[in-house]
Amino acid sequence: MKVSLFIPCLTEHFFPSSGISMVKIFRHLGIDAEYIEDQTCCGQPAFNSGYRHEAVPLAEKFIRLFREKEYIIAPSGSCVSFVKNNYKELNISDELKPALKNISDRIFEFTEFLVDVMKIENLGGEFNHTVTYHDSCHLLRELNIHDQPRKLIRAIKNINFIEMNSADTCCGFGGTFSYKFENVSVAMTEQKCKNIEASGAEYCVGADSSCLMNIEGFLRKHKMNAKTIHIADLLAESLKL
Amino acid sequence: MKSPAPSKTKKLIKEALGNGALRSAVFKATESSALSRQKIIDQIPYWEDLRDKAHLIKKDVIENLSKYLTQFERNCELNGIAVHWASDSAEAQKIILDIAKQNNVTKVVKSKSLTTEEIHLNDFLKANDIESLETDLGEYIVQLNDQIPSHLIIPAMHLSRKDIGELFAKKLGVEYTEDPAQLLLTARKILREKFLAAEMGITGVNFAFAANGSFCVVENEANAHNTLSLPPIHIAVMGLEKIIPDVSMLPYFLKLLPANATGQKSSTYVNFIGGPTGSAYGEGPEQIHIILLDNGRTKILKDPVLRESLYCIRCGACLNACPVYQQIGGHAYGWVYMGPIGSVLIPQFLGEKEGRLSPFLSSLCGACTTVCPTKINLPHHLLTLRSRIVDSGNSKFIERNAIKIWSKLGSNAKVYRLMSRIASFFQSKLFFNSPLRVPGYNKERQFPLIHSEGFRARFLKMNGDKKNG
Ligand code: SF4
């Protein structure tokens, strides 16, 4: 089996290790992971800020690169959902439109792919810490990903998994919302971080780099104890990959 | 804050976030409303079917609005209900004032109605020497405090018990108390007299039935019942979209609305209004008038996508579910409709210039749409409106150009990676490898480090290792 990696901007520049962890896990499972070097941004920031025309060249580039791929996998649900659900809103060239359906059917978020497609819920591995899980909005509400990451986490040996209060409430990031309305965004992040602390977890696991970047940024600035960890990093670490 | 000011939302947000009492009142109230909603819904196994049904009914209504309204008008007239069409606030105000003058009305009682908030009726009547008193407890409190409601269902959500106790002591001269029962008693005493003295009652409309020219008002406090039955004249102000084909469809909404609005299985009172004294219904007031208010609705109707925002039944659930609303409350949105639905309606009602910030006041988390009883795709509409605002030139110059450049550069992988290397260079030379300072983002949050070796470089190295090893 071969998968094609879709590495979103934040993973490429800020959290390359999560992408690498994902690759390690694929290798561990005997899955061949290819990386198309020509890929860039999927266009979500432009689209979500209201710049649909500006998102078109990026989307067209993405479609050209990935149109033939059997599985497109990303360690970030929000970008997956954008490609899957919002590319059809864009005025892309007619020639590329037929490829869109194939891409929508073939693009998966990492945990969704493992659990729903590969039917893998237990990777083995061990992690001696208390963790909680933050439901990223687009994973939960646009891709319906709720149980998949939890199954993978719970299967890790010695891990102590606890649900925090309001795990499914937004962390406040929201892309450009985080600087357009910085104070509101921060108030939301603060609430999220309070819930993480109150849960007693040492790690807040997530499956979307943007939320993790936001939460981690608040935790560090405010010298709180908990840390964030991407689920790919958690799995790779528990398997000592 | 009384006049529309959504373009001032940043200032209003700042005030709200600085008000600890308001924030804790709103946070607690939204949390508990959302919880009691969930409790009820867990007991309704066919909840999703109800939502589907309501969506379809509203879709049919909105697609065929003029047909249903014409039918409604004809049937109202047969029932002896006078129908008035108002294209905007000013027309609606004038119609009400004319009826009041013709009947020498000086005292009006009102029940809770967002549509009348939309046309600023209280202030208008007051300016014309007509006393207009809100009789829903929450609305009464807000009126006493010279404010507009901060929530679609719980008008005084932003106030704590202490605030209300102090308000009553100051404005009504009663002894200070925080006891809700005592406060209620005080208000009741005042309102009872006002009900008896009023010459006109004004209500909104929850659902109107095209097939028989009647309508209903849903409530919990019996104040609407008194408003529409005690005074000799009843005026109902109704947004055009409140029509449904016939009363057989009401049960779906009578399940959805109270569950979503207040976590109740059913509302305490459903008042049906079918005609004045002497009509087939017999027992109504002497005169019943209904004002069909457009005020921008037909403009919204023209848009095949955004017209879905007219499916709203004003249940308020999207406000309680919204983490933005939870932090800032309703007044910060700057208009009578707030929260996710407010952000969708504001630019449509008030224009893209005045409403240029509203659709951006959302993290697009989508919690709103999962609770909406008529399944309005609120985040989708926020996104559509964002692009309309940008296209109409109401975005910031710097942002516009930054995104244009990003889009150009991002189309070329080599340039895209070069940008990252330049940023990482700046980070190491100017910030000595500590996180970049990003104005507008990192007052309270550290910005992450840009890795000089990104994913691509690492992946290639790893692959090289694999090949070599
Ligand atoms: S948009 Fe939906 S959830 Fe929000 S108030 Fe209207 S009907 Fe209720």
Side-chain angles (χ1 to χ4, degrees), chain A residues 5 7 10-17 19-20 23 35 37-41 43 45-52 54-55 57-58 61 86 89 137-138 141-142 168-170 172-191 213-214 216-218 220-222, chain B residues 10 13-14 17 23 323-324 326-328 357 359-367 369-370 383 385-391 395 399-400 403-404 406-408 410-413 416 420 423-424 438-451 453-460 462-463:
Chain A
L5 305 171
I7 301 298
L10 292 182
T11 312
E12 170 66 41
H13 306 302
F14 298 119
F15 308 104
S17 78
I20 294 296
V23 176
Y35 174 70
E37 282 193 50
D38 224 18
Q39 63 183 286
T40 61
C41 169
F47 181 87
N48 283 6
S49 311
Y51 297 86
R52 296 198 173 185
E54 285 72 12
L58 299 170
K61 182 179 171 61
N86 283 333
E89 304 283 325
C137 301
H138 294 170
R141 283 179 275 268
E142 293 178 7
D168 61 354
T169 300
C170 179
F173 181 61
T176 48
F177 168 75
S178 65
Y179 78 79
K180 277 185 196 243
F181 291 95
E182 184 184 14
N183 49 3
V184 187
S185 168
V186 164
M188 290 158 71
T189 313
E190 182 177 0
Q191 186 57 46
M213 165 180 114
N214 180 53
E216 178 74 23
F218 189 94
R220 293 293 71 79
K221 188 97 177 187
H222 295 266
Chain B
K10 293 215 168 181
I13 287 170
K14 217 170 158 193
L17 287 176
R23 288 180 68 184
V324 171
Q326 280 207 312
Q327 294 296 339
I328 62 175
L357 296 173
F360 293 93
L361 179 48
S362 161
S363 66
L364 300 173
C365 81
T369 198
T370 64
L383 281 165
L385 286 159
R386 286 181 181 191
S387 79
R388 300 268 166 94
I389 286 163
V390 165
D391 289 347
S395 64
E399 179 188 274
R400 204 158 49 233
I403 292 200
K404 280 211 164 91
W406 172 256
S407 157
K408 281 254 153 51
S411 308
N412 183 322
Y416 171 79
S420 159
S424 127
V438 182
Y441 181 83
N442 71 350
K443 229 185 274 156
E444 302 291 338
R445 285 171 297 206
Q446 213 169 54
F447 199 70
L449 279 171
I450 303 167
H451 286 261
E453 201 182 40
F455 174 84
R456 175 182 166 272
R458 291 189 195 193
F459 180 83
L460 293 181
M462 197 176 162
N463 255 5

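Per chain, numbering begins at 1; letters A, B, ... match sequence-line order. The analysis underlying the following values was restricted to heavy atoms, covering all of them including side chains, and did not include hydrogens, waters or symmetry mates.
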TODO: Examine the side chains of A:N214 and B:R445 and answer whether a donor and an acceptor come within less than 3.5 Å of each other.
DONE: yes

Open item on the list: Under 3.5 Å, is there a donor on one side chain and an acceptor on the other for B:S395 and A:Y51?
Closed with: yes

Return the minimal non-hydrogen interatomic distance between [X] and [Y], and the atom names on each side.
X	Y	value
B:P323	A:T169	CB-CG2, 4.0 Å
B:A413	A:T40	CA-CG2, 3.5 Å
B:C365	A:C170	CB-CB, 3.6 Å

TODO: Could you walk me through whether A:N86 and B:L383 pass side chain to side chain contact (heavy atoms under 4.5 Å, CB included), step by step?
DONE: CA-CA 10 Å; A:N86 283 333; B:L383 281 165; 4.2 Å; yes

Portion of [X] that has a non-hydrogen atom of chain B nearer than 4.5 angstrom:
X	result
A:E190	neither
A:K180	both
A:S178	both
A:Q191	side chain
A:H13	both
A:I20	both
A:L10	neither

Open item on the list: Checking the side chain of A:H138 only, and the main-chain atoms of B:L364 only, is there a donor and an acceptor separated by less than 3.5 Å?
Closed with: yes

TODO: Using the six-membered ring wherever Trp is involved, compare the ring planes of A:F173 and B:Y441 and label them parallel, tilted or perpendicular (cut-offs 30° and 60°).
DONE: perpendicular

Side chain, backbone, both or neither: which part of [X] has a non-hydrogen atom closer than 4.5 Å to chain A?
X	result
B:E399	both
B:R388	neither
B:N412	backbone
B:S362	backbone

Rounded to the nearest 0.5 Å, how far does [atom2] of [Y] lie from [atom1] of [X]?
X	Y	atom1	atom2	result
A:N48	B:S363	CG	OG	10.5 Å
A:F218	B:Q446	CZ	CD	12.0 Å
B:I403	A:T176	CD1	OG1	6.5 Å
A:M213	B:F447	CE	CZ	5.0 Å

Open item on the list: Only pairs of heavy atoms separated by less than 4.5 Å count here; which of A:P45, A:P16, A:A187 has the most with chain B?
Closed with: A:P16

- [ ] Heavy atoms only, distances under 4.5 angstrom: which of A:G43, A:S185, A:G172 has the most pairs with chain B? Name it, please.
- [x] A:S185

Open item on the list: Check A:E12 with B:R456, please: is the shortest side-chain N to carboxylate O separation under 4.0 Å?
Closed with: no

Open item on the list: Strictly below 4.0 Å, N to O, side chains only: are A:K221 and B:E444 in salt-bridge contact?
Closed with: no

Is there a side-chain contact between [X] and [Y] in this structure, where contact means two heavy atoms from C-beta onward sitting under 4.5 Å apart?
X	Y	answer
B:K10	A:N183	no
B:L361	A:F177	yes
B:F455	A:Y35	yes
A:E216	B:P448	no

Task: Interface residue of largest heavy-atom contact number with chain A, from B:V324, B:T370, B:I328, under 4.5 Å - done: B:V324

TODO: Could you please spell out the steps behind the side chain to side chain contact (heavy atoms under 4.5 Å, CB included) verdict for A:S17 and B:R458?
DONE: CA-CA 9 Å; A:S17 78; B:R458 291 189 195 193; 4.2 Å; yes

Open item on the list: Set out, in order, the CA-CA distance, both residues' side-chain angles and the distance that settles side chain to side chain contact (heavy atoms under 4.5 Å, CB included) for A:V186 and B:K443, then state yes or no.
Closed with: CA-CA 9 Å; A:V186 164; B:K443 229 185 274 156; over 6 Å; no

Task: Results of side-chain contact (heavy atoms from CB on, under 4.5 Å) for B:I389 - residues two or more places apart only - done: B:P347, B:E352, B:R356, B:P359, B:F360, B:N394

Open item on the list: Does B:L449 form a side chain to side chain contact (heavy atoms under 4.5 Å, CB included) with A:F14? I'd like the steps, not just the answer.
Closed with: CA-CA 6 Å; B:L449 279 171; A:F14 298 119; over 6 Å; no

